[in-house]
Amino acid sequence: MMAINYKFLIIAILSYIYAYLQGGLLAYSIFYIFLFMIVIAIISTLSYYLFTDVNLELNNNVFYCGNNEKVSLNVYNKGMFNIPYIMIRGELFSMLDSRYEGEAMSLRFFQNLNYEYHITFRKRGIYNINDFKVNTSDLFNFINIEKKIKNRNSIKVYPRIYDLDESISSSNEFSENPFLNKGFLEDIYSVKEMREYRDGDSLKRINWKVSAKLNKLFVKSYEVLSYQEVIILLDMNKDVYEIDKDGLYEESLIDMCVSIVNYISNKGFRVKLHINSKMEKFIEVNNKDDFNKVMEFFVENKSDGVKSYDTFIKTKARESRGNTMILITSNITESLLKSIEGLKGDGQNIALFYLGKVERKDRIEYLSKLGVILFDICSLAKWD
């Protein structure tokens, strides 16, 4: 795209008319000066367009949310004309600061400049930070020209993966109600046997009635149930995130979802991930390739679901029966509480991952009394 300073052009035309009508050395000298300036402007801006280049160097090939990445912006003037003014715009600069329009500079002939930045990807998705618009102008500001530099390789930013081994195993709720432990589950409603207390046993397992009768501490040992599958139901209903203008709540849930899938699959379980999106998505995770499909889905899709989460859960309840069910949502509604009540009434083993900063404490306390295993995503992820 090219823009011409028409005021300058009009003055040049008037100088020619003046020289033609008036004649004389002075009049033609003025005209030739303007003509020379126009010719130089055309040649120089053509050189700027052909020989100016911008390149972005990245230290990594794979990017994740929350990571601070160092990038280098290289600007080249391969032509023989000085560039008095060059403005570089692109998505890169808006990521640094929403008010940051771009980088302005001047370049000597055959000069290269290097700029280094540190950027943090706050949201997953596909970015074109290596695409730029380069605006240059000649010395006389007669011609302004814009050059678009496009790179075919866009950058994919994946959800971050938290290491949940330490954070989950240190959770009292998890350790007392382990729904994943070396390939088996404990049924907290079926006591297998009673045995004497040993150092390291949890006080919550002590049967106080039996201990009082026998004058010794006895603990409960639960029946072990064999489980091979874990069902995960993720809420991606768009209404949930309407108040989340920056999209950080959504990113936190997605980050935690992929972290849970990674954690469970590494334990040797088969994961069945059901996603409450506009076009409901089901991904079964048995190996690394399946997990990569999960990551790719979240890179390309935002929350656009229209079905309520409690309705979504009801449609998956029969399939989940007999397996551990993990619910991931940021919005615990009254209707969701009723759905969970029904599932617990059927003896369903449920773990709920929720955003502690946006939930009512009374609902959390009620779910805890129902025997739901609760995890605060903010605490697990150490999210501020």
Side-chain angles (χ1 to χ4, degrees), residues 1-13 15-16 32-63 67-157 299-300:
M1 185 177 68
M2 183 174 65
I4 298 175
N5 188 336
Y6 288 103
K7 292 181 180 179
F8 188 92
L9 182 62
I10 291 171
I11 294 174
I13 294 173
S15 68
Y16 169 74
Y32 285 130
I33 289 173
F34 278 104
L35 181 61
F36 175 77
M37 293 170 65
I38 291 173
V39 172
I40 292 297
I42 293 173
I43 295 174
S44 61
T45 51
L46 181 61
S47 173
Y48 302 159
Y49 186 84
L50 294 176
F51 300 112
T52 302
D53 196 13
V54 179
N55 176 50
L56 188 67
E57 293 182 2
L58 306 169
N59 290 337
N60 296 314
N61 296 321
V62 180
F63 300 89
N67 288 0
N68 186 272
E69 303 288 347
K70 180 181 176 182
V71 298
S72 297
L73 180 70
N74 300 308
V75 186
Y76 305 93
N77 178 14
K78 301 175 184 178
M80 58 183 296
F81 290 94
N82 290 340
I83 304 178
Y85 173 79
I86 179 171
M87 181 73 177
I88 302 173
R89 296 180 174 88
E91 189 176 1
L92 168 67
F93 304 105
S94 60
M95 290 185 63
L96 297 170
D97 190 328
S98 59
R99 298 166 296 178
Y100 195 2
E101 293 186 7
E103 198 74 65
M105 66 199 76
S106 61
L107 284 171
R108 298 191 305 274
F109 58 92
F110 303 126
Q111 183 182 15
N112 301 336
L113 292 179
N114 177 266
Y115 297 84
E116 291 188 350
Y117 309 97
H118 286 85
I119 59 175
T120 301
F121 296 101
R122 301 181 69 191
K123 299 179 183 179
R124 71 193 190 283
I126 299 174
Y127 291 82
N128 296 308
I129 62 172
N130 45 8
D131 290 353
F132 299 97
K133 291 182 179 179
V134 181
N135 294 91
T136 54
S137 176
D138 63 275
L139 180 63
F140 312 110
N141 196 29
F142 174 56
I143 300 176
N144 291 277
I145 193 166
E146 180 180 275
K147 178 180 181 179
K148 294 182 180 180
I149 299 176
K150 288 188 173 291
N151 192 313
R152 293 182 180 179
N153 299 321
S154 55
I155 294 172
K156 290 184 177 181
V157 178
V299 166
E300 299 173 1

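The first residue in the sequence is number 1, and the count goes up from there.
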message: Other residues, nucleotides and ligands only: do more than 12 of their heavy atoms fall within 6.0 Å of OH on Y115?
response: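 Enclosed: over 12 neighbouring heavy atoms sit under 6.0 Å from OH of Y115.
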
task: Would you indicate whether F110, at its atom CZ, is surrounded by more than 12 heavy atoms from other residues, nucleotides or ligands within a distance under 6.0 Å?
output: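 It does: F110 CZ has more than 12 such atoms within range.
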
Between [X] and [Y], what is the shortest heavy-atom contact and its length?
X    : Y    : answer
S47  : G79  : OG-CA, 4.0 Å
M87  : Y85  : CB-OH, 3.5 Å
P84  : S106 : O-CB, 3.3 Å
V157 : K123 : CG1-O, 3.7 Å

Measure the shortest side-chain to side-chain distance between [X] and [Y] over non-hydrogen atoms and say whether it is less than 4.5 angstrom.
X    : Y    : answer
L58  : E69  : no
Q111 : I83  : no
E300 : K156 : yes
F63  : I129 : no
F81  : L139 : no

task: Begin with the C-alpha distance, continue with both residues' side-chain angles, and end with the deciding distance and a verdict on side chain to side chain contact (heavy atoms under 4.5 Å, CB included) for K147 and T136.
output: CA-CA 8 Å; K147 178 180 181 179; T136 54; over 6 Å; no

From CA spacing to verdict: side chain to side chain contact (heavy atoms under 4.5 Å, CB included), F93, Y117: CA-CA 9 Å; F93 304 105; Y117 309 97; 3.7 Å; yes

Checking the side chain of [X] only, and the main-chain atoms of [Y] only, is there a donor and an acceptor separated by less than 3.5 Å?
X    : Y    : result
Y48  : N82  : yes
K133 : R89  : no
D138 : I143 : yes
E57  : S72  : no
T52  : Y49  : no

In Å and rounded to the nearest 0.5 Å, what is the [atom1] to [atom2] distance from [X] to [Y]?
X    : Y    : atom1 : atom2 : value
I155 : L56  : CD1   : CG    : 6.5 Å
L92  : S94  : CG    : OG    : 8.0 Å
K150 : D131 : NZ    : CG    : 5.0 Å
N112 : N74  : CG    : CG    : 7.5 Å
F140 : T45  : CZ    : OG1   : 11.5 Å
N130 : E91  : CG    : CD    : 9.0 Å

- request: Decide yes or no on side chain to side chain contact (heavy atoms under 4.5 Å, CB included) for N144 and E146, but give the supporting numbers first.
  value: CA-CA 7 Å; N144 291 277; E146 180 180 275; over 6 Å; no

- prompt: Can you say whether the rings of F142 and F8 are parallel (under 30°), tilted (30 to 60°) or perpendicular (over 60°)?
  reply: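 Ring orientation of F142 relative to F8: tilted.
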
